There are 2 protein chains.
Amino acid sequence: MARAPTTLDPFNAVAEPKRRLVLETLCGGELAVNDIVGRLGWPQPMISKHLAVLKEVGLVNMRRHGRQRLYRVEGKKLKPIHDWIKAFERFWDHQLDRIKERAQRRAAEKAPDKNP
Amino acid sequence: MARAPTTLDPFNAVAEPKRRLVLETLCGGELAVNDIVGRLGWPQPMISKHLAVLKEVGLVNMRRHGRQRLYRVEGKKLKPIHDWIKAFERFWDHQLDRIKERAQRRAAEKAPDKNP
DNA sequence: TTGACATATTCCTATATGGGTATATAAATG
DNA sequence: CATTTATATACCCATATAGGAATATGTCAA
């Protein structure tokens with residue numbers, strides 16, 4: 001079997017560094033293709049092709065406006081990655097560990113009879 | 001040009017779903033290859049090959065113990081992904097937005113002359 | 001030494017990629 | 001309609017993949 005298609009899921013789509021740059025570029029808001037071309041300085045077909053992949057996984061939306069096509073980032077589609085990575089946060093964010101522990105302790109104080 | 005090698009960075013290594021499962025399996029602590037084979041039920045060469053990729057990007061460490069090879073997850077190597085995704089958190093975690101705003105407001109109160 | 005066990009490596013193949021270049025489609029404009 | 005502008009698509013190619021099967025390497029034990 002070959003490698004999974006880039007359009008399989010956000011993980012694969014975002015593995016390509018240039019596609020991440022496109023998403024970052026769209027972070028400020030809706031942009032037409034040529035705006036992205038201007039900001040990134042890559043050939044237009046390259047931008048269009050990367051946008052096509054991002055659109056197929058739902059990471060961007062498109063709407064027509066005259067002869068332009070305005071692309072907007074659909075950030076929610078990145079949540080699965082965020083959720084998956086969360087399980088590993090403890091490996092670098094010890095601060096967070098402490099926050100969580102404190103939260104759990106507080107929860108335990110509020111419901112001290114939950115675990116008899 | 002072909003697709004970037006899976007060993008280029010954590011993003012590419014983790015794009016493969018099975019590789020994510022291997023990492024999750026190692027989350028509980030060091031495991032020998034055969035333990036992973038047992039838990040995931042995949043052919044041993046498949047596990048070894050995925051481990052090789054993960055090791056090359058530094059997502060796992062290995063140490064020999066007798067005839068076994070014990071693999072341990074190196075979670076810190078996932079931080080770049082976490083950091084990149086953070087810029088998009090606002091797209092789903094509105095709660096977090098409010099927390100951040102509050103923190104910024106508080107910081108502004110502490111140093112009210114920073115922006116004259 | 002000879003096995004048995006644990007793991008890695010090699011060889012194969014179908015498959016999809018990303019970039020480049022050229023061209024097609026579509027919409028506004030004169 | 002003809003032309004310009006904005007974007008997408010088609011075609012080509014070198015490349016690396018993931019999986020399967022077979023085999024190699026390494027290590028302990030009798």
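In this text the structure is predicted, and so the values were computed from the model without any measurement. Each chain gets a letter, A, B and so on, in the order its sequence line appears, and its residues count up from 1.
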* Separation of B:Leu31 atom CG from C:dT7 atom P, in whole Å? -> 11 Å
* What is the minimum heavy-atom distance between A:Cys27 and B:Ala87, and which atoms define it? -> SG-O, 4.3 Å
* Whole angstrom value for the distance that separates C1' of D:dA16 from CG of A:Asn12 -> 14 Å
* In residues 17-26 of chain B, which ones come under 4.0 Å of DNA chain C, going by heavy atoms? -> none
* side-chain hydrogen bond (donor to acceptor under 3.5 Å, both in side chains) with B:Arg20: which residues, sequence neighbours excluded? -> none
* For A:Pro43, what residues pass the side-chain contact (heavy atoms from CB on, under 4.5 Å) criterion, not counting sequence neighbours? -> A:Pro45, A:Met46
Might you list the N or O atoms of the protein lying below 3.5 Å from N or O atoms in nucleotides 28-30 of chain D, with each pair's distance?
none

* After noting the C-alpha distance and the side-chain angles of B:Phe11 and A:Phe11, does the key distance pass the side chain to side chain contact (heavy atoms under 4.5 Å, CB included) rule? -> CA-CA 7 Å; B:Phe11 285 94; A:Phe11 285 94; over 6 Å; no
Just list the side-chain donor-acceptor pairs under 3.5 Å for residues 54-73 of chain A, sequence neighbours left out, or say none.
residue: A:Asn61; atom: ND2; partner: A:Glu74; partner atom: OE1; Å: 2.3
residue: A:Arg63; atom: NE; partner: A:Glu30; partner atom: OE2; Å: 2.5
residue: A:Arg63; atom: NH2; partner: A:Glu30; partner atom: OE1; Å: 3.0

* Asked: Phosphate oxygens OP1/OP2 of D:dT5: is one of them under 4.0 Å from a side-chain N or O of A:Asn34?
  -> no
* Under the side-chain hydrogen bond (donor to acceptor under 3.5 Å, both in side chains) rule, collect the residues that match up with A:Lys79, sequence neighbours excluded. => A:Asp83
* To do: Report yes if some heavy atom in the side chain of A:Trp84 is under 4.5 Å from a heavy atom in the side chain of B:Ile81; otherwise report no.
  => no
* Rounded interatomic separation in angstrom, taking CG from A:Leu8 and C1' from D:dA18 -> 13 Å
* Nucleotide D:dT15, atom C1' - distance to CD of A:Glu16 in whole Å -> 14 Å
* **Atom pair distance, as rounded to whole Å: CG in A:Asp35 and C1' in D:dT7** => 13 Å
* To do: Measure across A:Thr25 and A:Leu40 and return the closest heavy-atom pair with its distance rounded to 0.1 Å.
  => OG1-CD2, 3.6 Å
* Asked: If you look only at pairs with a residue in residues 2-12 of chain B, which of them pass as a side chain to side chain donor-acceptor pair (under 3.5 Å), with sequence neighbours excluded?
  -> B:Asp9-B:Asn12
* To do: Hey, could you give me the CD1/CG distance between A:Ile85 and B:Leu78, rounded to the nearest 0.5 Å?
  => 4.5 Å
* To do: Specify the residue among A:Gln68 and A:Arg3 whose closest nucleotide of DNA chain D lies further upstream toward the 5′ end.
  => A:Gln68
* Asked: Who are the ring pair (Phe, Tyr, Trp, His ring centres under 6.0 Å) partners of B:Phe91, not counting sequence neighbours?
  -> none
* Asked: Would you call the rings of B:His50 and B:Trp42 parallel, tilted or perpendicular, where under 30° means parallel and over 60° means perpendicular?
  -> perpendicular
* **Aromatic ring proximity B:Trp92/B:Phe88, centre distance under 6.0 Å** => no
* To do: Return one dot-bracket line describing DNA chain D 5' to 3' (Watson-Crick or G-U wobble pairs, both distances under 3.5 Å; ( ) same strand, [ ] crossing, | another strand, . none).
  => ||||||||||||||||||||||||||||||
* Measure from CD on A:Glu56 to P on C:dT17 and round the result to the nearest Å. => 9 Å
* Looking at the side chain of B:Ala2, which of D:dT7, D:dA14, D:dT17 is the nearest nucleotide? -> D:dA14
* Structure fact -> Contacts satisfying salt bridge (charged side-chain N to carboxylate O under 4.0 Å, His left out) that involve residues 33-44 of chain B (not counting sequence neighbours) are none
Grab the N/O contacts between the protein and nucleotides 8-10 of chain C below 3.5 Å, and write none if there aren't any.
residue: C:dA8; atom: OP1; partner: B:Tyr71; partner atom: OH; Å: 2.4
residue: C:dA8; atom: OP2; partner: B:Ser48; partner atom: OG; Å: 2.6
residue: C:dA8; atom: N7; partner: B:Gln44; partner atom: NE2; Å: 2.7
residue: C:dA8; atom: N6; partner: B:Gln44; partner atom: OE1; Å: 3.4

* Interatomic distance where CD1 belongs to A:Ile36 and C1' belongs to D:dT7 [whole Å] -> 11 Å
* Structure fact -> Whole-Å distance, A:Trp42 CH2 to C:dG19 P, equals 8 Å
* Structure fact -> Between A:Arg64 and A:Met1, the residue closer to the 5' end of DNA chain C by nearest nucleotide is A:Met1
* Just call it for B:Ala4: base, sugar-phosphate, or nothing, with non-hydrogen atoms closer than 4.0 Å on any strand. => nothing
